[in-house]
Structure formats: structure tokens, C-alpha cells
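Presented below is the structure to which this report refers.
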Amino acid sequence: MLILSLLTVSLAIIRNVKAQCDNYGVQNGTACDCPPGVGGPQCEFPTCGGTLFDVNRPVSRPQDGHLYGNSSSCTCPDGWTGFGCNVCQSSSSCSAAYTANFGSQTSTVGGQGLSDGAITCSKSLRVYGVGQMSCSVNNPTIGALYPGKTTLNIVRNLDSSKALAPDVTSFGPTKSVFAQLWYEGEEEFFCTAENCDANDGDTSSDWTCHDLKCNCRTNATFCGAVPATSIKNVIDTLKGDLQIKCSNQDDGTISCSFLQETINSVFGSAGLPMSNCQLGECVAQSVIDSTTNPTSTAASSTKSELSGGVVAGLAVVGVLILGFIAMFLWGWIVQRKARQSAGSTTIKSGGVTLRWSAINYSVPTSHSGLFKKSKANTVGERHILNDLYGEVRPGELLAILGPSGAGKSTLIDILGGKNKVGKTTGTVTFSSVNGASIKKPRIGFVDQQDILPSMLTVEEALLFAAKLRLPESITLEQKQARVFEVMKQLNILDLKDTRIGSHERRGISGGEQRRVSIGLELVAAPDILVLDEPTSGLDSVSANKVVSVLRDLAHDPTNPTAVIASVHQPNSKIYQLFDKVLVLSRGKELYFGMGGLAPGDHFATRGHPIQPGYNVADHLLDIASDPSEDLLEKSQRTSGSPTINQVTSDGRHPTNQNYSKTMVNEIDGSTDPEKGKPKEIEESHQTMPLGSPYLLASYTSTFLTQLQVLCGREWKILKRDKSLFFAHLLTAAVLGAFCGGLYFNTGITIAGFQSRVGCLFFLGSLLSFSALSALYNLIEIRPLFLRERAGLYYSPAAWLLSRFFFDVLPLRILPTIIVSTIVYWMAGLAPDAAHFFKFLFVLVLYTFAMTLFNFLLACTFRNGGIAILLSALFNLFIMTFAGFFPSTKLDQGYKL
């Protein structure tokens, strides 16, 4: 009984005696909290295998009579390296080890929350929380004494609160280091130092610590096993400062130095140099983000300041906004001033005589070739028009007849003030029979093709032209009344609410479209109306209606107007409506004078009688198609011919003075009752040399009015044709959901990084190719823009700004915002407003740039196929250098 009592008391005493912890372990009751790499009740055994997160790691105990355990034969699991298996190699190994020991990554261990569920393995020199490193010691002195493998493990504790599992993976207080030197798998000595000053960078690291203390393990290989070479006395007396310096080497490895004053004096000035260092730290990605990008943390501080780039960006945006406000304010002032001006509030048209003299037009001829013709290839000139004279007065309808290639359209373009690429000589004179001065004659020009806004009604199209082409001083009610008057005059009043339509959507007929085209010019109250083949492509009934309208316009008793039209093969009924006829052949004038039967009588005296019952127009075309030499010779002018001539019975023209007086008397229809002589009316003349931009006057409406009217039209078109708008929105939503689902919640790992790059590449490709619809749309409306631009409806700036409001914003920017928002939050990108709006802003700017680039291509190339091809090639080019397709050769070849 006495023996049992003594044993019981002895066991109780043993249990109450606190264990002595090795390796500077921390006493925790009857056990010890050990540093990474060692274990056992007193932290006396090296670990053997396992991972850094394992709470109960296997240890290597002394065997075969050895004093200490040896772990040289231990192996590390996949993803872990270094002596003791404390250094991670991949993010997946960190995640797997953490999850195996502590459960889901979204849990909180040791005070460290992983809200984003992302763990990464940092192999850089920078320490974020607690970093592990294992290096080979290659000091010559140690190598000579102990030729075996010597390894130094170091735990650098910068902030243990940022460690994933502070009670397991970290050791010591914050800003401290713990080092262990191992020789052939056996621990030789261990050291610790505190109050470290860390200076970490991307390529170097320098830690200076204080209060160093070390312990050389008694009778270990370095510490007494061989008494003659024992360094125990040196190690045990180490104190003061410790410096650990590391840097990246050119071969990609990391080298470090373990420096201390006594060590430097014993082992050399380089201390304990280390090579082939393995570094690894399992850390939450949020910790890395907050360390490398402290702007988000700083932004949350009430004392933080905006960066210079943000301030500059906000300043630029503010300047742009103020610029737009100033521009619209200026436009409003100009618009109000124009509407309150003392200009005429009545709409008058006609009353202007048009005369042309010595009109010649020629184009250079050159050898045909593959490339553009140059002056060096020019071999002569081809004369299109030769020495043409004529006059049209208010109340006259002139028809220009001739076969194809006679020069009808060329003469029409010259009289209409169009720019020609060839050489033009001669003069055009405008005069008013009522003595009023003429500053800038208003010439209405109707082209062969009817280019009209298909989505507008007839009334809306005419009102659009009236708002832009009539003076600002005229009220909206007056402009609407003018439109009503024109529709009634053109006999299209019953079509006012009918959409014009196109070849895809049926609207009004071809003849009605031609009358609408004429109405677009009439609403501007032109002084002279010029038309290029208004009857082409129409049936005889529609053609007759169009010419009848032109005759009524010319003979309007209130506003008689000079009307000039080139006509191709009119029937007899249409021909009888013309007051004057000009017959051209090979650019030369065969006849100019009164219409009706007069041309037939004229050519009958020249040996070309008309057959009874034969259409006079067909007879004239037969003559002009193959004129005899005598007709061509008689049509030539002699040098010094008068500027304006009147056709007489012999085909010649009297002097300009006599002709002018006779025509004035003819138009006026009255004589002086006292003297019985023709009454002469004083005329006001203005001569315009050919090539002078008498059509290119200033815009009638102000810039703000142009923008308002254009935006109104674009809004109507967008409301009535919603297919493209909804197609863009639906495509953005569907592809956004597809892309977001494909890259749903990508992690912050190497694989996740690649997925993010792919996601951004997909977005960029989608936006760039979606912008092709802007190119196609602009190619479609380009002819309408060119016609309205030539008619001085509006300036290109106003048109482009209206396209921005009703094309770029709803069809480009809005879908970009939709697809970007869906993809951003589904893909799990940075979950804060600052990053999201930066991401959105970049994509919106990219879309805007690609849209304007496609606008440029559509304006530069008339061929839509070439424009689309170049846009696609440009997209492929920027995709090549977007970073998704890496190429070492490209990177080296284009590195600046």
C-alpha cells in the first residue's frame, strides 16, 4: 500500500510540473505550442510530411541510438516543398490543405475571414502575413567543416492576424522571425528575433530585427558531437541585430543572406549566404489586394484625398459638360436673335431670270490603267459641252432634249450650281425683271433619283425641309401653311399621312415620290427650279402628271418661276407642255427657242422635214441622234458672239440687247400706248462665273434649330422602326447571360486569371463586331445625307450630334451598359462600385471609339463591302495584340 501511495503522489507531482518547451515553444498548460516544422510534447521532434495546416503532423523520433530525430528521409505531399514541407507551391495546394483541416474557405479561422473564398500561394519576396522560406546554406567555412547538406528555414512574421490559421501556421509575435538550421535532416540550432523593420519589394527584401537570441542543441553535429569543431559557444552567445536580405537573381532563383556581427566575424563578411531559396505563403487574395492596391482602403478613410488621375479625369468631364452647356446656350441665343430679326416674314419665290453664255465643259482623257490617272498620262481633253447660250425667264418651262450622252445632265448640273470634276468655262447671270436686287439666288435642284426618308410621311418630310430651309423669321404656322400649299399644288394632299416607304416597305408610288422630291425644293420657295430627268422611270400617266405640275409652277400667276428640266424621250402630250426647247447633240446646241411646232419648222428649213402626225419630240431626237454635218457646222459660234442670243428663223441669234428687250416685252405683253414701242423694263443683273459657289450660301436655319429638327426626325424613325433597337438590347442581354454563365464566379487563381482574360476578350470582341451595324446603317442613310447636305439643310456637325443622341446612345452605349453589367457581376469581378464604374467607363469609351471608327470608314468608302472588310480586319488586328493570344516573338519584335 505504501508503494502505491508513493506512485500516486509521484504521478500527481509529474502532472503539475510544467514541461520545458524546446525551439522557443510557448507553454500552453501541460503542452507546448510549437513553431512550424517541429512537434511533439515539448517541440523537440522535426515534423515528417504533412502540410503546414495540419494540426497533428507526424514527427520523426530518434532512432538507432541517435539523440535527435532525423527527417531527411521524409517526403512532402504534392504542392508542398522545402525542408519540413512548410513552403507552398500552388494555390490549389493551399486551398486543399486549408479546407481539409478547417472546412469551407468561407469560414473564419483565427480571426481571418475569407468572404470571397479565395486563397492563393504567394511566392514573391514580399510577406503579407506570415511567410515561409527554406534555403540551402553554401558558406565555405561550414562546407569545409561539415560537407553535408545544410538547410536554413526561416519564418517571417509580419502580421500574424493576416495569416489564414494564426495558431497553426504562424509563430511568435508580429514583426518577428524564427530560424532553424538543419544538417542532414537534424536540427542544429534555432534563433528568434523581434521588433523587425521590414522593407519588402517585388525584387528584393530586407528585414532588420533586434533582440536576437539563439540556442545550439547540445551534442548535435554542430554543437558538440565533434568537440573540436563545435560552434555551440558561438551560437549560444549571439545577440544584437539580425539582418535577412534576399533578392531575385538573373537565372530566376532567389538568394538570401543571414547576417549578424558575430556570424560575420566567424563565417565571413557574407554571414551565412543562402541559395536556391524556396518561398511560399498561403494567404487570402483579399489581403494581397488590400496590400498592393491600398487605394480602396484609403478611399474609405474620411481623411483620404482623390488621386491626381481621378481629379484630372473629373476636370476633363467637367470641362466637357460646361462646353456642351455653353454651346447650347450660345445656340439658343443665336436662334432667338434670328427669330426676332427684322427679316421678311412672307414667302416669295420665282421672279428671277437665268441666262448662261459660252458654257464649255471638258474632261481630260488619259490612258486607262490600274491605278489613279495622273497628269502624266493625260493625252488630251474630251469636250462634253461646247459654247452653249440660253435664257429662261419666270413663267417659262424649258425642256432640254437630246439622246444619251448629249450633255443634258451635265448642263443641268452646271446650271444647278453643282461642282464638276472637269474644266468649266462661261458665265451664268441672274436678273430680276422687277428691279429687285439679287444677292444669293435660291436654286432648287431635283436629282434623277428620289432619295427620301422612308419612315416619314409626306407631310413630315415636307415640313422637315420647310423648318430647315425657310428663314428663322418665318413662324412655324407659316411654314406649315407653306407645306399645305405645296402639297395642294402638287396634288399630293391626300397622301399627307402616308409613309413614303422604300423598296422593302411599300409606300407611295414612283410618280408620287417624284412629286414629293419636287415638293422638298418648292417648300424653300426657290427662285429657279432645275430638274434632272424628272420623268425617267415613270409611266406615261405619272410622267404627264409630273410635267403638268411643273408647267403649273412655271405659270403660277402669283409667283411665276423659271423651270428647267432635262427630259428623255417625252410623248407628244408631254412635249406640248413645254414653253421652250433646247436640243443638244454631242454637247452642241442644235436648237434653242420656242416649243410646239417651231422646232419642226426650223429643221424643215434645214432639210429635215417632219412627217405628218409624227411626234415632234421623237423627230428632234432622231435628228440629234445622228445630226448631219451642216447642222453641226451651223451650230458653231463665231468668236465674239453675243453672250445671250435668241433663235431666229435662220437658227442664229441677234444681239443680247435686242434679245433682252424683246423677251421683256414678250413676258410683259404690253406696249407704250403713246409711242407704240415695246416697253423696256429695267433689270437688276448679277453675273456668276462658273465654279463660284452661288448655291453654297450660309445655312438658313441656326445650329440649334438644325439639331432640334434632326433629333425630332431621328426620334420618329427610332419609334417607328424598333427592330434594330430591340435586336441590340436582346443580343446584349442574351450574350451577357451566356458570357456571365460561362465565366460564373471565377476564382482568383491562375486558372481564374486566365478565365478573366478570356471574359474580357469576349466582351471586347462582342462590342467591336457589334459596332459594324453602325457602319451598315450609315451606308444606308449616306445618300440621304449627301442630298440634304448639298441642299444646305443642315451642317455635318448637327447631323453627327443627332446621330450620337439617337444612334450611338440607344444602339451602342445602352447595350454596352447592359452586357457589361450582367457579365461583371456574374463573373465575380471586383465587388465594389469604384472598380465597376471604371470597368463600365472603359468599355463605353471603347464602344464609342469603335462606332466613330466605323463612321469614318462609311464616310470614306462608297463601297460598303470595302468598309466592312477594313473594319473586320482592324478588329482582328486589335484582337491579336489584346493579350489573349500571347506570342513571345510578337512581344519581342514589337517591344519599344
| query | Would the SG atoms of Cys85 and Cys76 measure under 2.5 Å apart? | reply | yes

| Looking at Thr169 and Ala163, what are the two nearest heavy atoms and their distance? | OG1-CB, 3.9 Å

| request: Enter the distance from Cys216:SG to Ile231:CD1 here, rounded to the nearest 0.5 Å. | output: 5.5 Å

| Do side-chain atoms of Thr192 reach the backbone of Val177 as a donor and acceptor pair under 3.5 angstrom? | yes

| What is the minimum heavy-atom distance between Ala830 and Tyr824, and which atoms define it? | O-OH, 2.5 Å

| said: Ignoring hydrogens, what is the shortest heavy-atom contact between Gly129 and Lys162? Give both atom names and the distance. | reply: CA-CB, 4.0 Å

| query | Would you say the side chain of Leu242 lies within less than 4.5 Å of the side chain of Ile244, judging by non-hydrogen atoms? | reply | yes

| request: Ignoring hydrogens and angles, tell me if any N or O in the side chain of Asn23 forms a donor-acceptor pair with the backbone of Gly25 under 3.5 Å. | output: no

| query | Does a donor on one side chain and an acceptor on the other come within less than 3.5 Å for Ser204 and Ser247? | reply | no

| task | Classify the ring geometry between Phe83 and Trp182 as parallel (under 30°), tilted (30 to 60°) or perpendicular (over 60°). | result | tilted

| Polar side chain donor-acceptor pair, Thr229 to Tyr146, under 3.5 angstrom | yes

| message | It should be assessed whether the SG atoms of Cys209 and Cys196 lie less than 2.5 angstrom apart. | response | yes

| Cystine candidate Cys34-Cys21, SG separation under 2.5 Å | no

| message | Taking less than 2.5 Å as the test, are the sulfur gamma atoms of Cys94 and Cys88 close enough? | response | no

| Quick one: does Arg57's side chain have a donor or acceptor within less than 3.5 Å of a partner on Gly49's backbone? | yes

| message | For a 4.5 angstrom cut-off between non-hydrogen side-chain atoms, does Phe45 reach Pro62? | response | yes

| Distance in Å, Phe53 CZ paired with Ser95 OG, rounded so as to fall on 0.5 Å steps | 8.5 Å

| request: Compare all side-chain heavy atoms of Asn101 with those of Asp54 and state whether any distance is below 4.5 angstrom. | output: yes

| message | I'd like to know if the two cysteines, Cys43 and Cys32, have SG atoms within less than 2.5 Å. | response | no

| request: Only counting residues at least two apart or in another chain, list the ones meeting salt bridge (charged side-chain N to carboxylate O under 4.0 Å, His left out) with Asp22. | output: Arg217

| request: Kindly say whether Thr221 contributes a backbone atom to a donor-acceptor pair with the side chain of Glu188 at under 3.5 angstrom? | output: yes

| query | Rounded to the nearest 0.5 Å, how far apart are CZ of Phe837 and CG of Asp832? | reply | 10.5 Å

| task | Decide yes or no for Met274 and Ile154: does some side-chain heavy atom of the first lie under 4.5 Å from some side-chain heavy atom of the second? | result | yes

| task | Say whether Asp200 and Ser205, considering side chains only, have a donor N or O and an acceptor N or O under 3.5 Å apart. | result | yes

| query | Are Cys191 and Cys214 close enough that their SG atoms are less than 2.5 Å apart? | reply | yes

| field | side chain to side chain contact (heavy atoms under 4.5 Å, CB included) assessment of Ile878 paired with Tyr846 | value | CA-CA 12 Å; Ile878 61 177; Tyr846 176 69; 3.4 Å; yes

| Which heavy atom in Ser176 sits nearest to a heavy atom in Trp207, and how many Å separate them? | O-CZ3, 4.1 Å

| Does Ser265 reach the main-chain N or O of Thr262 with its side chain, forming a donor-acceptor pair under 3.5 Å? | yes

| message | Can you tell me how far apart NZ (Lys175) and OG (Ser160) are? Round to the nearest 0.5 Å. | response | 12.0 Å

| query | Should we say atom CZ of Phe738 is surrounded by more than 12 heavy atoms from elsewhere, each under 6.0 Å from it? | reply | no

| said: Just checking Phe222 against Tyr183, ring centres under 6.0 Å apart? | reply: yes

| Are any side-chain N or O atoms of Ser255 and backbone N or O atoms of Ser275, one a donor and one an acceptor, separated by less than 3.5 Å? | no

| Aromatic ring pairing Trp825/Phe836, orientation class (parallel under 30°, perpendicular over 60°, tilted between) | tilted

| remark: Heavy-atom nearest pair, Ser765 first then Ser768, reads O-OG, 2.9 Å

| query | Could you walk me through whether Val127 and Glu281 pass the side chain to side chain contact (heavy atoms under 4.5 Å, CB included) check? | reply | CA-CA 8 Å; Val127 177; Glu281 177 184 3; 4.1 Å; yes

| task | Show your reasoning for whether side chain to side chain contact (heavy atoms under 4.5 Å, CB included) applies to Met879 and Phe761. | result | CA-CA 8 Å; Met879 288 166 58; Phe761 179 81; 3.6 Å; yes

| Backbone N/O of Leu272 and side chain of Asn139: donor-acceptor pair under 3.5 Å | no

| field | Enclosure of Phe753 CZ (heavy-atom neighbours >12, cutoff 6.0 Å) | value | no

| query | How many angstroms lie between OG in Ser71 and CZ in Arg61, if you round to the nearest 0.5 Å? | reply | 14.0 Å

| Is there side-chain contact between Val819 and Leu767, with at least one heavy-atom pair below 4.5 Å? | yes

| Worked verdict on Met850 versus Asn875 for side chain to side chain contact (heavy atoms under 4.5 Å, CB included) | CA-CA 9 Å; Met850 291 303 301; Asn875 289 336; 2.9 Å; yes

| request: Please answer whether the main-chain N or O of Pro173 pairs with a side-chain N or O of Glu194 as donor and acceptor at a distance below 3.5 Å. | output: no

| task | State, with a plain yes or no, whether a side-chain heavy atom of Arg156 is found less than 4.5 Å away from one of Leu279. | result | yes

| message | Please give me the minimum heavy-atom distance between Leu125 and Asp202, naming the atom from each residue. | response | CD1-O, 4.5 Å

| request: Take the SG atom of Cys282, take the SG atom of Cys121, and say whether they are under 2.5 Å apart. | output: no

| message | Less than 4.5 Å apart, side chain to side chain, heavy atoms only: is that true for Leu760 and Phe839? | response | yes

| message | I'd like to know if the side chain of Asn70 reaches the main chain of Glu184, judged simply by a donor and an acceptor atom lying under 3.5 Å from each other, with no hydrogens or angles considered. | response | yes

| field | Polar side-chain atom of Thr253 near backbone of Gln249 as donor-acceptor pair, under 3.5 Å | value | no

| task | Report, as yes or no, whether the 6.0 Å neighbourhood of atom CD on Glu261 holds more than 12 heavy atoms from other residues, nucleotides or ligands. | result | no

| task | For the residue pair Phe102 and Leu164, establish whether any side-chain heavy-atom pair is separated by less than 4.5 Å. | result | no

| Run the disulfide bond (SG atoms under 2.5 Å apart) check on Cys277 and Cys256 step by step: do they pass? | CA-CA 7 Å; Cys277 293; Cys256 299; 3.7 Å; no

| field | Verdict with reasoning, Ser134 to Asn153, per side chain to side chain donor-acceptor pair (under 3.5 Å) | value | CA-CA 4 Å; Ser134 180; Asn153 283 4; 2.8 Å; yes

| said: Can you confirm whether more than 12 heavy atoms, excluding those of Asp251, are under 6.0 Å from its CG atom? | reply: yes

| said: Would you compute the distance between atom CG of Asn86 and atom CD of Gln278 and round it to the nearest 0.5 angstrom? | reply: 12.5 Å

